[in-house]
Amino acid sequence: MDMMKKAYSARYFDILEKRKNLPVWVHKEEFLQTLKENQIVLLVGETGSGKTTQIPQFVLEAVLNENPSSGPKGKKWLVGCTQPRRVAAMSVSRRVAEEMDVEIGEEVGYTVRFEDCSSSKTVLKYLTDGMLLREAMADPLLGRYKVIVLDEAHERTLASDLLLGLLKQTLISRPDLKLVVMSANLEADKFHKYFIGVPLIKVPGRLHPVEILYTREPERDYLEAAISTVIQIHMCEPPGDVLVFLTGEEEIEDACRKIISKLGDQVKVVPLYSTLPPAMQQKIFDPTPQAVRKIIVSTNIAETSLTIDGIVYVVDPGFSKQKLYHPDTRVESLLVSPISQASADQRAGRAGRTQPGKCFRLYTQKSFNELEKQSYAEILRSNLANTVLTLKRLGVKNLVRFDLMDAPAPETLARALDDLYHLGALDDDCNLTKTGEMMSEFPLDPQMAKMLIVSPQFNCSNEILSISAMLSVSNCFIRPRGEAQKAADEAKSSFAHIDGDHLTLLNVFHAFLQNNQDSDWCYEKFINYRAMKSAVSVREQLVRIMSRFQIKLCSPGFNSQDYYVNIRKALLAGYFMQVAHLERTGHYLTFRDKDDQVVHLHPSNCLDHKPEWVVYNEYVFTSRNFIRTVTYIRGEWLVDVAPHYYKLANFPNSEAKRVLQKHYKKRKLSEEKSCKLYLLR
DNA sequence: GAGCACTGC
């Protein structure tokens with residue numbers, strides 16, 4: 001290969017010497033020999049082993065030695081390496097390109113959503129696990145790949161679990177394809193049961209020792225305990241920065257204030273969580289004066305996504321917020337829960353990156369022993385409607401027999417199938433319909449994809465595109481604490497549409513475009529500029545998918561009386577299963593087959609009254625059962641838009657049911673042949 | 001009248 005014959009720069013040899021010092025190099029020959037003799041290899045490499053940057057290069061070397069330079073149809077073979085996060089895919093590939101003395105995007109590249117930095121020359125490609133899953137949808141045999149390296153498998157993300165299951169099948173029909181599964185703290189038993197007889201290579205990491213300290217008694221209040229531990233560390237321990245793990249934004253801001261009030265400017269206290277603006281996140285890397293100790297108070301983001309050097313002390317109360325899904329009620333909730341032993345060890349390891357450190361666990365050794373070994377895989381804690389759609393699209397006939405490391409609860413699968421059936425994505429035999437196939441191409445939840453696909457029937461696909469984009473990104477309304485709060489609320493109310501939050505989001509999106517996507521305008525209006533920019537990118541991507549399927553882009557005339565009515569009906573065409581009815585008791589009840597629940601309008605809503613019927617975007621359980629992002633709809637629309645769903649025989653007796661029955665009667669009376677079925681099956 | 005653990009397509 002040209003690449004191999006090229007004269008290398010001095011810098012290349014300089015870096016090569018450093019690379020050879022990484023722990024993983026000791027195992028290079030062993031790894032290559034094992035890969036030669038096996039189709040699958042498991043590799044456990046702790047933090048600092050160099051596995052993410054080096055193993056794919058070893059693999060590439062082996063592939064290039066054994067294969068001619070071109071693959072199918074004259075295209076080059078690829079070695080792919082998946083990462084759970086896009087930032088990692090991008091930064092690691094840059095690093096590797098540098099190590100190999102090539103330009104990024106040429107021989108070494110990456111592909112993440114919204115950005116493909118690879119070319120026909122690319123032979124080593126880093127990509128997010130979700131991206132490889134998308135590629136598999138277009139080509140289930142992943143024909144261009146010679147070897148796939150699945151990194152961070154221990155994180156058990158939904159996409160990586162699905163890839164494992166899929167690759168297990170693919171490897172049978174593609175004996176020439178190889179798989180390397182890499183992880184930090186592989187639960188050897190579990191992976192060995194999943195990959196029977198597969199060789200395992202262990203590479204030590206390069207961490208300094210971390211002393212673990214437990215409390216003698218369980219702590220009653222972990223927040224107070226965390227704060228007093230920080231103070232104690234500051235008073236009694238030698239210099240070194242502190243990292244405290246807490247569960248959420250509010251808790252973190254609260255803790256920061258309390259630490260500052262106790263220690264003043266002897267310390268520099270920095271909060272860290274994902275919704276913090278990037279400039280604020282950057283502060284964790286600011287150097288501090290010699291005598292000042294840095295104290296970082298962080299969510300789980302510092303456990304996996306962000307690495308901070310210089311931490312010597314870790315304070316670990318043992319909790320994090322975790323997503324849970326209840327298939328019976330179809331509610332996703334965020335619950336403060338005990339972490340796993342693997343998480344606790346990961347947290348402790350953050351103290352030993354630059355020198356020996358200490359980890360203060362605010363629980364007893366006995367409690368630690370009682371924690372789960374590993375965190376629950378994401379697939380066990382999620383609504384699986386989208387996952388099932390993906391699997392169907394990948395050609396999986398029998399979902400129950402699809403070999404996953406952790407099988408989801410049967411109820412969760414049943415719910416997902418049920419929802420997809422009602423959306424017209426699956427037929428009576430559980431096969432993917434044409435609509436379902438289209439839906440699977442959208443990087444959206446099935447309801448939203450369905451809403452987009454049918455939106456031209458309501459003559460408002462342009463508006464539904466904008467609303468979908470806004471719903472796909474994080475909350476665009478900034479609401480600071482303190483004095484600015486009132487101003488923020490006023491700014492928000494200037495966008496409010498009294499018929500509902502979806503329409504309010506549309507107003508914000510239009511206003512953002514009208515103001516030329518100006519960041520200063522966002523600042524004045526308390527709008528999150530980043531969220532808006534990403535809504536614009538999402539919308540562009542959705543438009544491309546729409547045009548691929550030749551779905552018409554259209555708008556009702558803005559002055560038309562039906563402008564908002566059409567949009568609200570289109571919302572319902574996707575979200576007809578997420579409707580609530582105001583009962584005479586003054587409470588809303590969700591209205592679904594076989595189940596109803598008391599819910600409350602989330603206080604962030606923009607409605608000026610409580611309408612009889614609402615459609616909602618999400619159902620969240622926090623302090624109460626809330627429905628968030630709600631829009632006023634009319635009961636008779638349910639009968640028009642989703643008659644196949646609202647057959648009522650399966651619905652529990654309720655006020656809502658009686659109201660709907662009246663609508664059906666009325667419709668029957670005035671029934672003409674113009675009765676339109678809006679939903680294509 | 002209340003929040004947004006973290007990702008990803």
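Letters A, B, ... mirror the listed sequences (proteins, then strands); counts begin at 1.
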**Asked** When you check the phosphate oxygens OP1 and OP2 of dT7(B), does a side-chain N or O of R113(A) lie under 4.0 Å from one of them?
**Response** no
**Message:** List the residues meeting side-chain hydrogen bond (donor to acceptor under 3.5 Å, both in side chains) with Q447(A), not counting sequence neighbours, and say none if there are none.
**Reply:** none
**Message:** What's S320(A) touching, base or sugar-phosphate or nothing? Going by heavy atoms closer than 4.0 Å.
**Reply:** nothing
**Message:** Counting the atoms with a prime plus P, OP1 and OP2 as sugar-phosphate, which does I301(A) contact under 4.0 Å by heavy atoms, base, sugar-phosphate, or nothing?
**Reply:** sugar-phosphate
**Asked** Rounded to the Å, how far apart are Q322(A) CD and dT7(B) P?
**Response** 15 Å
**Asked** Sequence neighbours excluded, which residues qualify as salt bridge (Lys or Arg N to Asp or Glu O under 4.0 Å) partners of R544(A)?
**Response** none
**Message:** Would you say R628(A) and N605(A) are linked by a side-chain donor-acceptor pair, where the criterion is simply a distance under 3.5 Å?
**Reply:** no
**Message:** In this structure, how many angstroms lie between the P atom of dG3(B) and the CG atom of D254(A), rounded?
**Reply:** 15 Å
**Complete:** Taken to the nearest whole Å, CZ/R381(A) to P/dC6(B) is 13 Å
**Request:** Identify, between S604(A) and Q83(A), the residue whose nearest nucleotide on DNA chain B lies closer to the 5' end.
**Result:** S604(A)
**Request:** Return the nearest nucleotide to the side chain of F626(A); candidates are dA2(B), dA5(B), dC6(B).
**Result:** dA2(B)
**Prompt:** Would one find a side-chain N or O of S474(A) under 4.0 angstrom from OP1 or OP2 of dC4(B)?
**Reply:** no
**Asked** Rounded to the nearest Å, what distance is computed from the NZ atom of residue K486(A) to the C1' atom of nucleotide dG1(B)?
**Response** 17 Å
**Message:** Can you pull out the residues from residues 494-503 of chain A that lie within a 4.0 Å heavy-atom distance of DNA chain B?
**Reply:** none
**Request:** Please state how far atom CG in L607(A) lies from atom C1' in dG1(B), giving the value in whole angstrom units.
**Result:** 14 Å
**Asked** Quick one: N605(A) CG to dG1(B) P, roughly how many Å, whole number?
**Response** 12 Å
**Message:** Checking contacts here: which listed nucleotide (dC9(B), dG8(B), dC4(B)) is nearest the side-chain heavy atoms of R85(A)?
**Reply:** dG8(B)
**Spacing of Q281(A) atom CD relative to dC6(B) atom C1', expressed in whole Å** = 12 Å
**Request:** Only pairs at least two apart or in different chains count here, so list each salt bridge (Lys or Arg N to Asp or Glu O under 4.0 Å) that has a residue in residues 131-140 of chain A.
**Result:** K125(A)-E135(A)
**Request:** Would you indicate, yes or no, if dC6(B) has its OP1 or OP2 atom less than 4.0 angstrom from a side-chain nitrogen or oxygen of T299(A)?
**Result:** yes
**For R257(A), salt bridge (Lys or Arg N to Asp or Glu O under 4.0 Å) partners two or more places apart** = D254(A)
**Message:** Nearest heavy atom decides the nucleotide; on that basis, is R86(A) or E250(A) closer to the 5' end of DNA chain B?
**Reply:** E250(A)
**Asked** Just checking N300(A): base, sugar-phosphate only, or nothing, at a heavy-atom cut-off of under 4.0 Å?
**Response** nothing
**Message:** Tell me the interatomic distance from E378(A), atom CD, to dC6(B), atom P, rounded to whole angstroms.
**Reply:** 14 Å
**Prompt:** If you look at every strand shown and take non-hydrogen atoms under 4.0 Å, does T247(A) touch a base, only sugar-phosphate, or nothing?
**Reply:** sugar-phosphate
**Request:** Could you list the residues that satisfy side-chain contact (heavy atoms from CB on, under 4.5 Å) with M405(A), not counting sequence neighbours?
**Result:** R156(A), L164(A), K190(A), F191(A), Y194(A)
**Request:** Please determine if K258(A) and E224(A) form a salt bridge, counting it only when a charged side-chain N lies under 4.0 Å from a carboxylate O.
**Result:** yes
**Message:** I'd like to know if the side chain of H497(A) pairs up with that of T504(A) as donor and acceptor (distance under 3.5 Å, no hydrogens or angles considered).
**Reply:** no
